[in-house]
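Let me begin by presenting the structure, written as structure tokens, before commenting on it.
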Amino acid sequence: MKATQLIKRFMPYFKKYKWIMVLDLLCAALTTVCEIILPLIVREITDRAIDDFASLTVSLVLKAGGIYLLLRIIDASANYFMAYNGHIMGAKIETDMRTDLFSHLMKLSFSYYSNTKVGQIMARITSDLFDVTEFAHHCPEEFFIAGIKIVAAFLILASMNLPLTLIMFAVLPFMLIVSTYYNRKMKKAFKESREQIGEINSQVEDSMLGIRVVKSFANESIERDKFDKGNKTFLGIKYKTYRYMAGFQTSVRVFDGLMYIIVVVAGALFMIKGLLSPGDYAAYLLYISTLIAAIRRIVEFTEQFQRGMTGIERFTEIMDSPVEIEDKAGAKEFTKVRGIIKFENVKFGYSDGDGEVLSGINLTVNEGENIAIVGPSGGGKTTLVNLIPRFYDVTEGKILIDGVDVRDYTQDSLRGNIGVVQQDVYLFSGTIYENIAYGKPGATLEEVEKAASMAGCDEFIKNLPDGYNTYVGERGVKLSGGQKQRISIARVFLKNPPILILDEATSALDNESELLVKESLARLAKGRTTFTIAHRLTTIKGADMILVLTDKGIEEAGSHDELIEKGGIYKNLYKLYES
């Protein structure tokens, strides 16, 4: 995106703090006055000393010093406001953008996260937005100050000697052309740098989360090689970035020197011919210093400007990611749930174009029925149940709950009435109490303990040194697989939803734990509509209906005894399990 487009996207965040920005720029203008006034004071004193020394009195010098002292006090006060409130404004903008970014990320569907590395997201929500903060504060005021200095210097110098001023300022267009060339190169290099930082974050996260697998295979060297490769790629990008920065800064220094040479030589010639007074010549030299200082400040903040532009661009890339699943206008709350679920000619395929996962699914589940789904891996079992809470939307057909299309309910109320124990157990970094209470925010310890007891994990929790206040570690690493699974099941017990989805909920449990959870799940499922995906077929023998799902759709349906008697796919699967 062009810089103008990016700034246009960024401006709404500025508008909220426009008065702080106005005051900040006003203070920036005040700090500039000192530098503009000083050469005029020097010019006046110099001309009086040469042309009319008697007029250079102590009173005049003290008066000039007093004026300059007052200006310096104003400068210090204005600078304090800029340094404090300007940075606070930038931090508030960063906070607002991070809030909007995180809020948008929460709206994105599973498919987005299936195709995006978490490390890239982390880079965009942290370091990228910090660069935007610095851009938001410094760049407007620095460019504003530089603009005032350049315009004021031109007007004042033009009033002294227009030809010399025009000769000196003729250098600026060439400087602008060179600067624009290097700016474009730097912007591209900064974006590559940010993307590679995201790749490094992703690789580090992958290695750290999989550290047990790494060590079990003694593959530390492989992980180091992968990291070194990404790190060296980043270094290569840095080489390129700093080459452009060096070229940019060097070219500006060349033009700086050229402007000094013009003033020193041409100014001296004008003074010899009587077209420039000694005071004006001294003022020219001071103003050229001020002018070049302003240009150097722009150079210093050009890097920050390009980093800010890169951060804004990467921010907009996520914000422009479409929200695939949204509430319809006028979507209603899902209340008084009975749990009658119908699939009508449902088809589904992922957006990456890998073909249909489900096709021609027709199914009616009555209130309170326990439906088990079995079948070969890749048959779409998990995908089927994920369509019910709208983790994905059907490609064709529709799913009805209590006679209403799930797309006509609000997502919050729909999912609030559906409990899910996923195949991949995830525990948040925190205590056992906090992880179970996640099923019902604000739940009391008594409620959490009751849910844990129903899930068959109360006993082992109480035997831990800190009981329910035990810290589970990153992703629950301090607990066994079975313990994590039972805690995740306790979350659903606490939520107490009318519709349950159990995606291989007992897959990580030992036989003893499985028996305990099986009994508790039976209690929970009583009177509730339940979908159970299981690879342990003994856990679903009592289901009201068992569906055999393959890549051809629902090939068999019936009770355990009916399917065994039928002698089809289910019977073969059951024999394999028993063997």
Side-chain angles (χ1 to χ4, degrees), residues 3-4 7 25-26 28-47 71 75 138-187 244-306:
T4 51
I7 291 174
L25 294 180
L26 177 62
L30 291 175
T31 61
T32 310
V33 171
C34 283
E35 292 184 65
I36 294 175
I37 294 296
L38 180 60
L40 295 178
I41 294 174
V42 172
R43 174 198 184 198
E44 181 68 20
I45 292 174
T46 303
D47 281 341
L71 290 174
D75 172 79
H138 287 295
C139 288
E141 72 182 31
E142 291 299 335
F143 290 141
F144 181 69
I145 289 171
I148 291 177
K149 287 181 179 178
I150 291 172
V151 172
F154 178 83
L155 294 175
I156 294 171
L157 294 177
S159 68
M160 297 179 190
N161 190 299
L162 182 59
L164 178 58
T165 304
L166 292 176
I167 292 172
M168 184 180 72
F169 274 81
V171 176
L172 292 182
F174 297 100
M175 184 184 295
L176 180 63
I177 292 171
V178 174
S179 298
T180 301
Y181 168 79
Y182 278 112
N183 273 335
R184 288 174 179 170
K185 294 290 186 181
M186 284 194 293
K187 181 182 177 182
Y244 294 141
M245 286 177 57
F248 178 60
Q249 293 178 2
T250 301
S251 64
V252 170
R253 289 181 70 87
V254 169
F255 287 116
D256 282 356
L258 183 60
M259 291 176 74
Y260 265 120
I261 291 170
I262 289 172
V263 171
V264 171
V265 176
L269 294 175
F270 276 105
M271 189 167 58
I272 290 171
K273 293 183 179 181
L275 301 175
L276 194 71
S277 71
D280 288 345
Y281 185 64
Y284 257 96
L285 291 175
L286 289 173
Y287 272 121
I288 195 64
S289 297
T290 300
L291 186 61
I292 289 174
I295 293 171
R296 282 179 177 164
R297 291 288 285 178
I298 292 177
V299 171
E300 290 174 8
F301 283 95
T302 294
E303 178 186 353
Q304 185 61 62
F305 176 81
Q306 293 304 341

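Computed over heavy atoms, backbone and side chain alike; hydrogens, waters and symmetry mates excluded.
Side-chain atoms of Y281 come within 3.5 Å of backbone N or O of V264 as a donor-acceptor pair. A donor-acceptor pair under 3.5 Å links the side-chain atoms of S159 to the main chain of I156, judged by distance alone.
Every ring pair (Phe, Tyr, Trp, His ring centres under 6.0 Å) that F154 has, sequence neighbours left out, goes to F169. Residues passing the ring pair (Phe, Tyr, Trp, His ring centres under 6.0 Å) test with Y244, sequence neighbours excluded: none.
Among residues at least two apart or in separate chains, there is no salt bridge (Lys or Arg N to Asp or Glu O under 4.0 Å) pair with a member in residues 162-172.
Distance check: L162 CG to I167 CD1 gives 10.0 Å after rounding to the nearest 0.5 Å. Atom CZ of F143 is separated from atom CD1 of I145 by 11.5 Å, given to the nearest 0.5 angstrom. For the atom pair CG (L71) and OG1 (T31), the distance works out to 11.5 Å, reported to the nearest 0.5 Å.
Between A158 and T165 the shortest heavy-atom distance is N-OG1, 3.3 Å. Of all non-hydrogen atoms in V178 and S251, the two that sit nearest each other are CG1-OG, 3.4 Å. The heavy-atom pair separating L276 from G267 by the smallest distance is CD2-O, 3.7 Å. N161 and L275 get closest at one heavy-atom pair: ND2-O, 3.2 Å.
Side-chain contact between L164 and M168 is absent, with no heavy-atom pair separated by less than 4.5 Å. You'll find the side chain of P163 reaches within 4.5 Å of the side chain of F270, heavy atoms only.
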